Protein chains: 2
Amino acid sequence: MSNYEENTKEIVDSFIEQMGMITQSEGLPRIAGKIIGLLLIESGPFSFSDIAARLQISRGSVSTNTRLLENLSVIERVSKLGERGDFFQMSQDPYMKLLQGSMQRMSKASQTIKEARNALPDSWQASQKRLEALEQFYTEYLKSTQKLIKTLYSKE
Amino acid sequence: MSNYEENTKEIVDSFIEQMGMITQSEGLPRIAGKIIGLLLIESGPFSFSDIAARLQISRGSVSTNTRLLENLSVIERVSKLGERGDFFQMSQDPYMKLLQGSMQRMSKASQTIKEARNALPDSWQASQKRLEALEQFYTEYLKSTQKLIKTLYSKE
DNA sequence: TTATTTGTTCAGTAAAGACTAAACAAGTTG
DNA sequence: CAACTTGTTTAGTCTTTACTGAACAAATAA
């Protein structure tokens, strides 16, 4: 799977780098994004050592970032009959858990704002109105994300 | 507007701190979040100096963070008849521009993935399938966000 | 049994980001 | 005119994050 022509290799390498940048702009380490990119574009599973060699990164970074992605349910660790060591591949619903994590943060934020709004004196009408608008933003965003999950995961 | 009872002050201060934490978890500086919290919970507009004094932060931080938020169209800089200096208040559609910025990043990511997918050899069916799934994720997310904007901004 | 492999942990380094106080320049007030 | 205010910029500091190479311990192979 690592034997392919030079032009394709450039496409693959470029994609992996870009995935690193995309993921970094979403708040995760660049190497995590490069691992995702590798697992997406080349059929796996990939061994721990393969990832380190292919992406030219330290084993420590592979350990840290695969663990992070595994905890986020984006990738999964598998074993292979007759082979030593761990292998990684994209998990089944790689993006659902990300969405769910996002929803949790929104839910918490919405709750915080609601509590503050309710605690304010009644005479603070303008403030309450502004807080209500922000709360509504998070509430609608939550609903929107729920629908998105439905759309993505009821089509299979 | 800064003269209110002790209990309410605690509610306000707590809210401001919490907004700082919420905004930080979304990738912006904590101080930006505290400025938002202040502008939301106390009716403004607030002068540059008021913000620095009220939040106990340096003038340099006020400058940096108000500029950041102004660039994101979350707050706006206004002047007041008969008063020196700049004042800030929440902008009209504070959250729309954030959503639009998010949509831009998604659109760009989706495009990157599409291009990589199309450049791959036809025989890379499994890879293309995975890339297609990721592209679909971004596409649906984009649609979802568009609908969210519609929902939020056609109700006024 | 020794050597090698494997994945984790640790100590260290570099970079980036956040924030400050001070300097600066422009504008305003006394 | 001098003093003060105002917002920006700069240099510096601190914290956090990301990453490395080496050490470590467990498992496996020779």
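Residue numbering restarts at 1 for every chain, and letters A, B, ... go by the order of the sequence lines. Everything numeric in this text was worked out from a predicted model, so none of it was measured.
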When you compare the protein's N or O atoms with those of nucleotides 24-30 of chain D, which come within less than 3.5 Å of each other, and at what distance?
none

Next on the checklist: For Arg130(A) and Ser43(B): C-alpha separation, side-chain torsions, deciding distance, then whether side-chain contact (heavy atoms from CB on, under 4.5 Å) applies.
Outcome noted: CA-CA 9 Å; Arg130(A) 285 191 295 269; Ser43(B) 297; 3.2 Å; yes
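Side-chain contact check for Ile75(A) versus Gln89(A): every heavy-atom pair is 4.5 Å or farther apart. Within the 4.5 Å cutoff, the side chain of Thr8(A) has heavy atoms near those of the Trp124(B) side chain. For the pair Ile41(A)/Met19(A), no side-chain contact is recorded, criterion being any heavy-atom separation below 4.5 Å from C-beta on.
Put simply, chain A comes within 4.0 Å of DNA chain C, heavy atom to any atom, from dT5(C) to dT9(C), going 5' to 3'.
Rounded to whole angstrom, the span from the NZ atom of Lys34(A) across to the P atom of dA18(D) amounts to 14 Å. In this structure, CZ of Arg30(A) is placed 17 Å from C1' of dT16(D), rounded to the nearest angstrom. Taking atom CD1 of Ile51(B) as the reference point, atom P of dT8(D) lies 11 Å away to the nearest angstrom.
Within the structure, a side-chain polar atom (N or O) of Arg67(B) is placed less than 4.0 Å from OP1 or OP2 of dT9(D).
Tyr95(A) is connected to Met103(A) through a chain of hydrophobic side-chain contacts under 4.5 Å among Ile, Leu, Val, Met, Phe, Trp and Tyr, so both are in one cluster. Both Met96(B) and Leu131(A) are part of a single hydrophobic cluster, where members link through side-chain heavy atoms under 4.5 Å apart.
For Lys9(A), the salt bridge (Lys or Arg N to Asp or Glu O under 4.0 Å) criterion is met by Asp13(A), not counting sequence neighbours. By the salt bridge (Lys or Arg N to Asp or Glu O under 4.0 Å) test, Arg117(B) is found to be paired with Glu135(B), residues two or more places apart in sequence or in another chain being considered. Not a single salt bridge (Lys or Arg N to Asp or Glu O under 4.0 Å) links Lys114(A) to another residue, sequence neighbours left out.
Within 4.0 Å of Gly85(A), counting heavy atoms only, lie sugar-phosphate atoms of the nucleic acid but no base atom.
Residue Lys129(A) qualifies as open at atom NZ: its count of foreign heavy atoms under 6.0 Å is 12 or below.
Each end of the helix from dT1(C)-dA30(D) to dG30(C)-dC1(D) gets its own axis from five base pairs, and the two axes differ in direction by 10°, given to 10 degrees.
Under a 4.0 Å N-O distance rule, the pair Lys143(A)/Glu140(A) qualifies as a salt bridge.
When the nearest nucleotides of DNA chain C are assigned to Arg59(B) and Asn65(B) by heavy-atom distance, the more 5′-ward of the two goes with Asn65(B).
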